2 protein chains.
Amino acid sequence: MNQTIRVVLADDHFFVRDGIKSLLESEKNIVVVGEATDGLEALEVVTTTNPDLLIVDIRMPHHTGIEVVEKLRNQNNPVKIIVLSMHESEEYVLKSIKAGADGYLLKGSSKEEFLKALHSVANGGKYFTGDISSILINQLTSSTASTLEPKPVLNEDLTITKREKEILTLLLSGKGNKEIAEALEISKRTAEVHRFNLMKKLKVKNLMELSNKATEYSLI
Amino acid sequence: MNQTIRVVLADDHFFVRDGIKSLLESEKNIVVVGEATDGLEALEVVTTTNPDLLIVDIRMPHHTGIEVVEKLRNQNNPVKIIVLSMHESEEYVLKSIKAGADGYLLKGSSKEEFLKALHSVANGGKYFTGDISSILINQLTSSTASTLEPKPVLNEDLTITKREKEILTLLLSGKGNKEIAEALEISKRTAEVHRFNLMKKLKVKNLMELSNKATEYSLI
DNA sequence: TAAAAAATAAGTACAAATACTTAATTTTTT
DNA sequence: AAAAAATTAAGTATTTGTACTTATTTTTTA
């Protein structure tokens, strides 16, 4: 469980790298296995050293840290990544999350927070510093806010079968019975029956109600 | 700007309150103006002392901390609120956000983080500890994830009229042409025409595609 | 106050969905 | 191996929507 965490540092400033390195190496189960001074080098070093964790600065020559995250994720590289940033920036934070970063720290964070983040990310968790939490909360409370509602659970014995779920998905994507029949290689009449049963089970009387209910109970 | 921050503490454990109090009072521009040992008392003390900030524990007799937040927000009380929790709990975190809390800390947080949270919340910010960031990120990346996508904007000259928007809303709520006609006191044929025009404008060929496109472009 | 845009509504023919029921196969669970 | 559940599919009559076009009346905007 408490194996050595192999880390790569990517930051174009020697002092920053050195600072982080000395901080990390005060911990005995962390070892810095590589360093990079720009985005391209970061990708290279990660590919060759295969570390557990990459700590990457956003502002770097030849690809930003966020681009590095994107590229690694597109390659399905499972390395954990903590993004470092100078200031709170909504754009950077959201882009990092979207790109698939596991953590986000400000350069001003304390040694304790740094290590906490590092360990939780290395263990498969996420750590986005409280300093940027307002950005996350904004995202969550703006928009539909539906995300915050505890999703209602389907009551009692209501069971939607596998096949019905397939039909439901196709229905919600805009397919008609005929298209569904073709897609699943069944008769149009069968598709109709599945649709009918779905509507009966969910007690709805038309497609839109079906769609609404399906979304409400996150059936898809 | 750096005025004294007036704080109320609500926690049913004397030791916790006392610990926080001594921590806070080591800061010179923070003063604890009230304490409460349960939810009801918290509401009372906040109402009478009108503090800048309430630090409230979740688990308390007579209304949980979250219920206290809800009640204060329903009364439009502008007090800033930091919720304290023993452990990371998705349910508690999400409920706190929904109730309108400005911050969320674990009881194990460091003195530094505590004070950082307190100051940023007192200054109108939000502070949700990094320890629970995985919950926030989950919320943001699950669901439609649409929250992270820049919402596409309707192209060019495409204009949906007021009436069409009304029809659209009714359509998406599951109404048929006849029902829409009745609701808007127009002929069923008129409702049909509006629906037809909508579908033509949005280049869709059935209700579900209309629904999907409407959602995608947040037309409703 | 024109001109443009929006809302209203009818007609027609055709396509699709609704609302069931019945029933033969498969597949899954016990 | 039997029972239960799921999938398949057909029949029938009725309702609703599709895909237009044409045209009058209101409302908005220039």
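The figures here come from the full heavy-atom set of this structure, side chains too, leaving out hydrogens, waters and symmetry mates. Order of the sequence lines sets the chain letters (A, B, ...), proteins ahead of strands, with each chain counted from 1. All figures in this text were calculated on a predicted structure; none of them were measured in a lab.
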Could you tell me how far apart [X] ([atom1]) and [N] ([atom2]) are, to the nearest whole angstrom?
X: F196(B); N: dA7(C); atom1: CZ; atom2: P; answer: 16 Å
X: L198(B); N: dT18(D); atom1: CG; atom2: P; answer: 12 Å
X: L210(A); N: dA16(C); atom1: CG; atom2: P; answer: 19 Å
X: N206(A); N: dA16(C); atom1: CG; atom2: P; answer: 19 Å
X: M199(A); N: dT16(D); atom1: CE; atom2: C1'; answer: 12 Å
X: E164(A); N: dA5(D); atom1: CD; atom2: C1'; answer: 11 Å
X: H194(B); N: dG17(D); atom1: NE2; atom2: C1'; answer: 16 Å
X: K205(B); N: dA16(C); atom1: NZ; atom2: C1'; answer: 13 Å

Could you tell me whether the phosphate oxygens of [N], OP1 or OP2, come under 4.0 Å of any side-chain nitrogen or oxygen in [X]?
X: K178(B); N: dT16(D); answer: yes
X: T190(B); N: dT8(C); answer: no
X: N177(A); N: dA16(C); answer: no

Nucleotide paired to dT30(C) in any strand shown, Watson-Crick or G-U, under 3.5 Å
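Pairing partner: dA1(D).
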Whichever of N197(A) and R189(A) has its nearest DNA chain D nucleotide further upstream toward 5':
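Closest to the 5' end, via its nearest nucleotide, is N197(A).
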If you look at every strand shown and take non-hydrogen atoms under 4.0 Å, does [X] touch a base, only sugar-phosphate, or nothing?
X: S187(B); value: sugar-phosphate
X: K188(B); value: nothing
X: T161(B); value: sugar-phosphate

Are side-chain heavy atoms of I97(A) and I137(B) found at a separation under 4.5 Å?
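SC-SC contact between I97(A) and I137(B) confirmed.
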If the threshold is 4.0 Å, N to carboxylate O, is there a salt bridge linking D102(B) and K126(B)?
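Here D102(B) pairs with K126(B) in a salt bridge, since their nearest N and O are under 4.0 Å apart.
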Can a donor-acceptor pair be found, under 3.5 Å and without considering hydrogens, that links the side chain of Q139(A) to the backbone of L136(A)?
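Here the side-chain-to-backbone pair does not exist.
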Pair Y104(B), S85(B): side-chain N/O donor-acceptor within cut-off below 3.5 Å:
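On atom types as modelled, these side chains qualify, holding a pair under 3.5 Å.
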Is a donor-acceptor pair below 3.5 Å formed from side chain R195(B) to base dG17(D), judging by atom type as modelled?
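For R195(B), whose side chain was compared with the base of dG17(D), there is no donor-acceptor pair (under 3.5 Å).
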Let me know, please, whether E185(B) or E192(B) comes out on the 5' side of the other along DNA chain C by nearest nucleotide.
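Taking each residue's closest nucleotide, the earlier one in sequence belongs to E185(B).
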Hey, is NZ on K116(A) packed in by over 12 heavy atoms from elsewhere, all under 6.0 Å?
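It does: K116(A) NZ has more than 12 such atoms within range.
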